[in-house]
Amino acid sequence: MARIHLLPDDLISQIAAGEVVERPASVVKELLENALDAGAGQIRVDLTGGGKRSIRVADDGLGMDRDDALLAFDRHATSKIGTFEELERVATLGFRGEALASIAAVARVELLTADEPGEGHRVRVEGGRIRRAEPAARDRGTTVEVASLFFNVPARRKFLKTARTELRRSVEVVQGYALARPDIAFTLSHEGRALLEAPAAGEGGAGMAERVRQIFGASLVDRLESFGVEDGVGRRVAGLVGDPSTARPRRLFVFVNGRLLRDRAILATYYRAVRDEWRNEEFPSLFLFLDLPPEEIDVNVHPQKAEVRFRSPAILNEVSEALRAGLARSLGEVAAPLSEPWRRPSAPAAWEAGDGGWRRPPEGGSFGGTSVAEGLPGGRLAEIHLHPGRPATVPLSGRDGQVRPFRILGQYKGTLVLLEGPDGLYLIDQHVAHERILYERFRRDLERERPASQRLLEPQLLELARDEALRLGELAGALEERGFSLTRLSGDSLGLTAVPAALGTDRARDLLLELARDDDEAAGSGVEGLDRRLLEALSASLACRSAVKMHDVLSIGEMEHLVSELFRAEQPYACPHGRPVVLTMEDAELERRFGRR
Amino acid sequence: MEIRLDRAAFMAELTPMQGIVERKSTIPVLSHILLRCVGDRLQLSATDLDVSLTSSVTGEVTREGGIAVQARKFSEIIRALVGDEVLLALEDEKTLRIAAGRSRFKIRGLLPEDFPSLPQVKGDEPLEIPFEGLQRMISKVIFAVSTEESRFQLSGALLHIKEGKIEMVATDGRRLALVENPVDGLPDASEGVLVPRKALQELQRFEGDGAIQFRRGEHHLSFRLGQRELIGRILDGTFPDYDRVIARDNDKRVSLDRKLLIDAIQRVALLTGDRARAIRLRFAPDEVVLSAANPDLGEAVEKLACEYDGPEIEIGMNPDYLVQFLVAAETAKVRLELKDENTQCVGFPIDGADERYLCVVMPMRI
């Protein structure tokens, strides 16, 4: 008898739905994104039973005609992209064309939409099948009502939390989008009770502050300080940051092009900035808005779009500087003026190593669209030669296609390595640089060999909630590879029976608890994502210990080695904790400052 | 206060105080020692709030009173002075005058009232424990005390007084050391008590012979030897059920020369990396092969004779854990009891003194 058979279509849809739809809050999120993409000016969200019973999102956006309304429930139906090239420059929030279809596969959905006032259509879908489609009256816009989520997937329904918890998550989602778009009016109610009423608050910094006031009240706004800049051509690195009294869990909001993210790189940058500026482990409220040209970011790295990839990691430095200025100001200090003229290095990313030197790639000029991974292919840069002590062989501002050796100028106060580059002066933080190099080496080692695992005398109890235990259970194989062993003790409690020998027992246990308790959104990246984070935690804690310290005097040979290793690194610009490794002062800037331009 | 003292006798009591005093305390008074003249003695006290030490030295007291002085500086001064005698006198309530030979010092201090009051351990008749035996026991388990600060219930050793014997156990969750010594005349105490590491360390520094008077209060323990009294806060928390944890059915028994094994392990361990220290031991009849390999460094192998006639077995272990046990074991030969690569190794001294000693080392997967 055949053991292998094809899965029925609706089961495939249900499985696929799981990627997008996890709980009521994810439905709210998808529907809000659709509403925003439809150009809504007002969005109304009504929930019952914490969203488990029903979710209704109504907007006054573009609406759909009959054909579109029916097509909307097809998988990968989307009005937003048509070709792969367009995928590269997604400016809208939703784009995968799977939201409505995914939701409809696991719920009873009613769509009421009109692209002209009065000429509307009503479509009912249940468990992925269209049950009814009929004309109906509505003003321009769209209403989607999602009832009985997971009515046909009991296994998933079981994992929903109490109505109150699910409601809280939905509220967080709506808050997030309301913060992202102060120019749009949002209302949110639960079983008839208004939870959020935020009339359109306008754009720019004032709108942003007003929206924060609408959601969190005037007392918070008074304790926030704005920071950052807009360059007027759609680029913005700006936001609001609080004083120390505003530290709260879940009060960190990062928006990239209007999308609320939990981007680890940005959060790490923020934590680092707070630690450095305030010597503090309590993190004040943050509302950070990054608006970048769509081609500078890649949102296709995370099914729930909770993380993005920046084509140029220099953006993190820009964020870090803006944050530091804001943090300093919210403590009542004035930002140090020195930080202003320093540009982040971006050029080397776009260079290729030629025979014994550096060349600009043929396309030359702009480096904005080139990712570091493309610019620094592993190994190819091994050819780089440094020329300590020799006079520079090229003018400070060279021309394209010319060989441009780097030259080590020396060490500054036992902390920085100064480098003459083809286009400017480079400053490398020796400790952070070494940390980055070691980190990458450790990561490679860990991928190559199983780390030694120390068995424990007695299992360490990990008390976990059901979903946490499941999440760790899924990872058992990956954890085993990394030196952890788990055993089931009883119910949902797991016992830790072995830990990576390089980690303390408590550190190892905390790490597992962190993994288990990671936010749903972050966990969305699955086994691989967790495994990657585990690797990073292991490597980072190990790398920090053996890196050369500040105030270690280095010989030219040591510096040369350090710099060439660094340029061979996959990500030479930020340490594992997100701190910058290299700063550049470009020739043009130097010349300007000396009044030559 | 005013007192004339024998400098050498004073120094002998002053030195142990330095171990208690916190070098970098955020509470300034904790870097001080309290001096107080009472009757014909000068009393000295130091505390870090968890462990306290008091002592006294006789002298010619002309005026009673006290002052708290910065411990390190004061001790340096007394040590540097010339002459057999030293005079301590209060200049005013916060200044102490020190005079010896032709030297005169005036040092600032704090009011005695600012010094924390030390816990008093009262209670029943003290138990008498031979001091030398106690020190020996401490030295056999203290290396297994956990250094992870958050694991407070493991940051001390369990002292369990039983009828006619004392048991002491320490573990950090990766190895465990247990020692039991017969002591005549001890009554049975129903449960053990957790002695913090610092108290154990200070007890090891005590000098003298005879018996320690041991008292157990509600929250503190007192160890008194001569004029010195060490008071330690009892660690809260549940110590693991160590009796249950120790394997009893390890059927593979290997006897080895202790010193040769220590040397071999230390040589092989030279090639363990900085990330995790681990060596392999492969036991075959009459021979054990120790090895270590590290992708960055290279490999090391060493063979050693042993008495063993079971099947071949290989096990990974942290070399430091093994060596610490072997050093403490003291006997010419030791026995390792094993079961398989995933089960603990239990080490015993062979033909040791009249005591029970064992050390469990959990294996590593390399």
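Chain naming here is simple, since letters A, B, ... match the order of the sequence lines and numbering starts at 1 in each. Since this is a predicted model, take the numbers as computed values, not measurements.
Proximity to chain A at a heavy-atom threshold of 4.5 Å picks out B:V360, B:M362, B:P363, B:M364, B:R365, B:I366 from residues 357-366 of chain B, in numerical order. Chain A is approached within less than 4.5 Å, heavy atom to heavy atom, by no residue from residues 263-270 of chain B.
Every residue meeting the side-chain contact (heavy atoms from CB on, under 4.5 Å) condition with B:S291, not counting sequence neighbours, appears here in chain and number order: B:R280, B:V301.
By the 6.0 Å contact criterion, CG on B:D236 is open, its count of non-hydrogen atoms from other residues, nucleotides or ligands being 12 or less. Counted within 6.0 Å of CD on B:E180, heavy atoms from surrounding residues, nucleotides or ligands total more than 12; the atom is thus considered enclosed. Taking a 6.0 Å sphere around CD of B:Q201, one finds it holds more than 12 heavy atoms contributed by other residues, nucleotides or ligands.
Taken from CG in A:L457 to CG in B:D172, the straight-line distance is 8.5 Å, to the nearest 0.5 Å.
Between the A:R455 side chain and the B:N342 main chain, a donor and an acceptor come within less than 3.5 Å of each other.
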Would you mind writing out the side-chain donor-acceptor pairs for residues 323-331 of chain B within the sub-3.5 Å range, not counting sequence neighbours?
{"from": "B:Q324", "atom 1": "OE1", "to": "B:R175", "atom 2": "NH1", "distance (Å)": "2.8"}
{"from": "B:Q324", "atom 1": "OE1", "to": "B:R175", "atom 2": "NH2", "distance (Å)": "3.3"}
{"from": "B:E330", "atom 1": "OE1", "to": "B:R136", "atom 2": "NH1", "distance (Å)": "2.9"}
{"from": "B:E330", "atom 1": "OE1", "to": "B:K140", "atom 2": "NZ", "distance (Å)": "2.7"}
{"from": "B:T331", "atom 1": "OG1", "to": "B:K333", "atom 2": "O", "distance (Å)": "2.7"}

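A:E458 approaches B:V245 most closely through the heavy-atom pair CG-CG2, 3.5 Å.
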